[in-house]
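Shown next, in structure tokens, is the structure this report addresses.
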Amino acid sequence: MATVYDALKRASAQQYSGEAQTDELEDESLLELYLWYANEGFRRIWRQMDPIGPIDPATRNPEVVRMECPQLYRDTSLDEYDPRVFDALADYVTWRMLGTGNLNKQQRGEWYYARFVETLGRIPKHANWQLYNQIMGSGFVGVWDW
């Protein structure tokens, strides 16, 4: 199971070129800061995904309901999302971690930000349009699937 803590460990390993500094992740104040970075990055990812809520099959309500971005905590599972979300989140947090250091660290961090932006572009929008099409009937089927 991939959790937010796992993404933070990966970000720490990327920051320190190989091995995660788990003592940093156990420090309450640093963990709080890193979780703040994770939530900031996840909000950006969420806006890219722009997910819609489930449609009530009983009423067949055509209203598209935008889902609110959930708050991430240390043990929040990321398994329910596209696997690219984990990669993007780890890269975003790495960039933020490196952005608070000296100029060399900041320049190294820019590579992670570029990778975050690239991965962000590959995360599919409206992940449940398929479900929406099935519920709404044949009027929409196939329109979004090409």
Side-chain angles (χ1 to χ4, degrees), residues 1-136 140 143-145:
M1 176 172 79
T3 66
V4 172
Y5 185 77
D6 295 327
L8 295 178
K9 272 178 64 175
R10 177 169 164 186
S12 177
Q14 289 178 164
Q15 179 189 13
Y16 292 107
S17 302
E19 193 167 327
Q21 302 298 309
T22 51
D23 54 330
E24 271 189 14
L25 297 177
E26 299 306 322
D27 180 278
E28 199 62 39
S29 60
L30 277 176
L31 180 61
E32 188 176 319
L33 176 65
Y34 294 163
L35 282 172
W36 191 82
Y37 292 161
N39 276 293
E40 182 182 81
F42 193 69
R43 281 190 298 274
R44 291 179 180 207
I45 294 166
W46 194 262
R47 281 195 301 269
Q48 169 64 26
M49 291 190 308
D50 200 16
I52 59 172
I55 310 289
D56 183 2
T59 62
R60 296 181 148 238
N61 186 353
E63 292 292 320
V64 173
V65 178
R66 299 288 172 206
M67 296 175 64
E68 283 189 42
C69 183
Q71 178 79 15
L72 297 182
Y73 299 97
R74 180 187 191 277
D75 295 324
T76 303
S77 172
L78 298 172
D79 286 337
E80 62 186 292
Y81 305 110
D82 186 290
R84 289 169 281 203
V85 168
F86 181 86
D87 296 333
L89 187 60
D91 288 340
Y92 184 84
V93 173
T94 304
W95 171 65
R96 293 288 282 143
M97 287 174 165
L98 290 168
T100 57
N102 60 37
L103 187 57
N104 286 340
K105 283 177 73 175
Q106 290 174 8
Q107 288 174 339
R108 199 161 53 93
E110 289 302 318
W111 185 82
Y112 288 102
Y113 184 72
R115 199 164 79 166
F116 165 73
V117 170
E118 181 184 338
T119 305
L120 200 62
R122 294 181 179 159
I123 294 175
K125 280 182 142 333
H126 310 299
N128 43 359
W129 268 118
Q130 191 102 16
L131 174 64
Y132 182 77
N133 293 339
Q134 290 170 2
I135 292 170
M136 292 307 293
F140 287 98
V143 174
W144 309 102
D145 297 336

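In this structure, Arg108 contributes its side chain and Gln15 its backbone to a donor-acceptor pair below 3.5 Å.
Closest non-hydrogen pair, Ala7 versus Ala90, comes out as O-CB, 3.8 Å. Summarising the geometry of Asn102 relative to Asn104, their closest heavy-atom pair is OD1-N, 3.1 Å, with the distance given to 0.1 Å. Closest approach of Leu8 to Met97, counting heavy atoms only: O-CE, 4.3 Å. Taking each heavy atom of Pro70 and Tyr81 in turn, the nearest pair found is CG-OH, 3.6 Å. Residues Asp79 and Ala2 approach most closely at OD1-N, 3.1 Å, considering heavy atoms. Taking every heavy atom of both residues into account, Ala88 and Thr119 meet most closely at CB-CG2, 3.9 Å.
Under the ring-ring contact (aromatic ring centres under 6.0 Å, His included) criterion, Tyr34 pairs with no residue, sequence neighbours left out. Applying the ring-ring contact (aromatic ring centres under 6.0 Å, His included) rule to Tyr112 yields no partners; only residues at least two apart in sequence or on another chain are considered. Partners of Glu118 under the salt bridge (Lys or Arg N to Asp or Glu O under 4.0 Å) rule, at least two apart in sequence or in another chain, are Arg122.
At a cut-off of 3.5 Å, with distance as the only test, a side-chain donor of Arg10 or Gln14 sits close to an acceptor on the other residue. Residues Asp6 and Thr3 have side chains that bring a donor and an acceptor to within less than 3.5 angstrom of each other.
To the nearest 0.5 Å, atom CH2 of residue Trp111 and atom OG1 of residue Thr94 are 9.5 Å apart. Rounding to the nearest 0.5 angstrom, the gap separating the CD atom in Gln21 from the CG atom in Leu30 is 11.0 Å. A distance of 11.5 Å separates SG of Cys69 from CG of Asp50, quoted to the nearest 0.5 Å.
A tilted orientation is assigned to the rings of Tyr113 and Trp95, their planes being inclined by 30° to 60°.
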Exercise. May I have the step-by-step check of side-chain contact (heavy atoms from CB on, under 4.5 Å) for Thr100 and Tyr37, ending in yes or no?
Key: CA-CA 12 Å; Thr100 57; Tyr37 292 161; 3.6 Å; yes
Quiz item: What's the verdict on side-chain contact (heavy atoms from CB on, under 4.5 Å) for Glu110 and Gln106, showing C-alpha distance, side-chain angles and the deciding distance?
Solution: CA-CA 6 Å; Glu110 289 302 318; Gln106 290 174 8; 5.7 Å; no
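Looking at Asp82 and Met49, their side chains never come closer than 4.5 Å, going by heavy atoms from C-beta outward. The closest side-chain heavy-atom distance from Asp23 to Asp27 is not below 4.5 Å.
A salt bridge links Glu26 to Arg74: one of the charged nitrogens lies within less than 4.0 Å of a carboxylate oxygen.
Heavy atoms from other residues, nucleotides or ligands lying under 6.0 Å from CD of Glu68 number 12 at most. By the 6.0 Å contact criterion, CD on Gln71 is enclosed, its count of non-hydrogen atoms from other residues, nucleotides or ligands being greater than 12.
Checking Ile123, Leu89, Leu120, Ile45 one by one against Arg84, the side chain to side chain contact (heavy atoms under 4.5 Å, CB included) holds for a single residue, Ile123.
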